[in-house]
Amino acid sequence: MSLGITLQNPRGYPIDSERLKRAAQAAFARHRRHEAGELSIVITDAKTIKAMNRRYAAVNAPTDVLSFPAESAPQESGDCARYLGDIVIAFDYATEQAEETGAALGEALCLLVIHGTLHLLGYDHDTILARERMWAVQALALRAIQVDPAVVESYGNIDND
């Protein structure tokens with residue numbers, strides 16, 4: 001089981017790229033057992049993500065994270081990694097949210113990557129049962145990278161995606 005991760009940070013925001021990649025791998029490891037996968041993480045700004053949110057979700061507001069699952073493509077062989085999709089994070093929006101709530105920015109970014117990865121894997125929180133299932137896996141992934149799952153409550157914006 002392996003996860004290939006492409007991380008793009010064209011504006012050069014101060015992030016720990018390796019930690020964010022470990023966060024995505026932790027979420028993936030809690031879900032997949034024998035399948036390889038690939039995803040991309042894009043770190044951008046609130047203006048860009050607001051435009052994406054408006055275009056793809058008909059919501060005219062910024063948010064901290066958006067996930068864009070890839071359409072399923074037929075696998076040619078068992079050696080091919082399945083492309084899961086893209087996670088887009090608004091660094092400035094997440095920074096502001098972390099400052100307002102007192103959450104550590106690095107931990108909040110890890111939470112957003114894990115949360116986004118789980119969405120790419122098919123998890124959602126649109127019902128109580130689905131939320132409980134997703135939050136349980138999210139907590140396991142956070143613990144795997146030594147982040148206290150209480151960051152979900154302290155960061156506070158994760159239910160609004």
Ignoring hydrogens, what is the shortest heavy-atom contact between [X] and [Y]? Give both atom names and the distance.
X      : Y      : answer
Leu109 : Ala94  : CD2-CB, 4.1 Å
Arg19  : Gly106 : NH1-C, 3.7 Å
Ala46  : Pro62  : O-CB, 3.8 Å
Ala24  : Leu3   : O-CD2, 3.6 Å
Arg22  : Ile145 : O-CG2, 3.8 Å

Could you check whether any side-chain heavy atom of [X] comes within less than 4.5 Å of a side-chain heavy atom of [Y], counting everything from C-beta outward?
X      : Y      : result
Gln138 : Pro149 : no
Phe91  : Leu105 : yes
Val113 : Ile89  : yes
Arg11  : Thr48  : yes
Thr101 : Ser154 : no
Ile114 : Leu118 : yes
His119 : Met134 : yes
Lys50  : Asn60  : yes

Original post:
Can you check side chain to side chain donor-acceptor pair (under 3.5 Å) on Tyr83 and Ser40, steps first, answer last?
Top reply: CA-CA 9 Å; Tyr83 190 71; Ser40 69; 3.1 Å; yes

Original post:
If you measure only the distance, is there a donor-acceptor pair under 3.5 Å linking the side chains of Thr95 and Tyr13?
Top reply: no

Report yes or no: do [X] and [Y] belong to one cluster of Ile/Leu/Val/Met/Phe/Trp/Tyr joined by side chain heavy-atom distances under 4.5 Å?
X      : Y      : result
Val42  : Leu20  : no
Leu84  : Phe68  : no
Leu111 : Ile43  : yes
Trp135 : Tyr123 : yes
Tyr155 : Ile87  : yes

**OP:** Verify side chain to side chain contact (heavy atoms under 4.5 Å, CB included) between Ile41 and Thr6, making sure each step is shown before the conclusion.
**Re:** CA-CA 6 Å; Ile41 302 168; Thr6 302; over 6 Å; no

Original post:
Step by step, would you call Leu142 with Asp148 a side chain to side chain contact (heavy atoms under 4.5 Å, CB included)?
Top reply: CA-CA 6 Å; Leu142 286 164; Asp148 185 346; over 6 Å; no

**OP:** Could you check Ile5 against Glu38 for side chain to side chain contact (heavy atoms under 4.5 Å, CB included), going step by step and ending with a plain yes or no?
**Re:** CA-CA 6 Å; Ile5 303 166; Glu38 295 181 5; over 6 Å; no

Measure the spacing between [atom1] of [X] and [atom2] of [Y] and express it to the nearest 0.5 Å.
X     : Y     : atom1 : atom2 : result
Leu66 : Asp86 : CG    : CG    : 11.0 Å
Ser2  : Gln25 : OG    : CD    : 9.0 Å
Glu96 : Asp92 : CD    : CG    : 8.0 Å
Glu99 : Gln97 : CD    : CD    : 10.5 Å

**OP:** Check Thr44, Leu112, Thr63, Val65 against Val88 for a side chain to side chain contact (heavy atoms under 4.5 Å, CB included) and give me the one that passes.
**Re:** Thr44

**OP:** List the steps, then state whether side chain to side chain contact (heavy atoms under 4.5 Å, CB included) holds for Leu39 with Phe28.
**Re:** CA-CA 10 Å; Leu39 62 81; Phe28 184 77; over 6 Å; no

Subject >> Ala90 backbone acceptor or donor facing Asp45 side chain under 3.5 Å >> reply: no

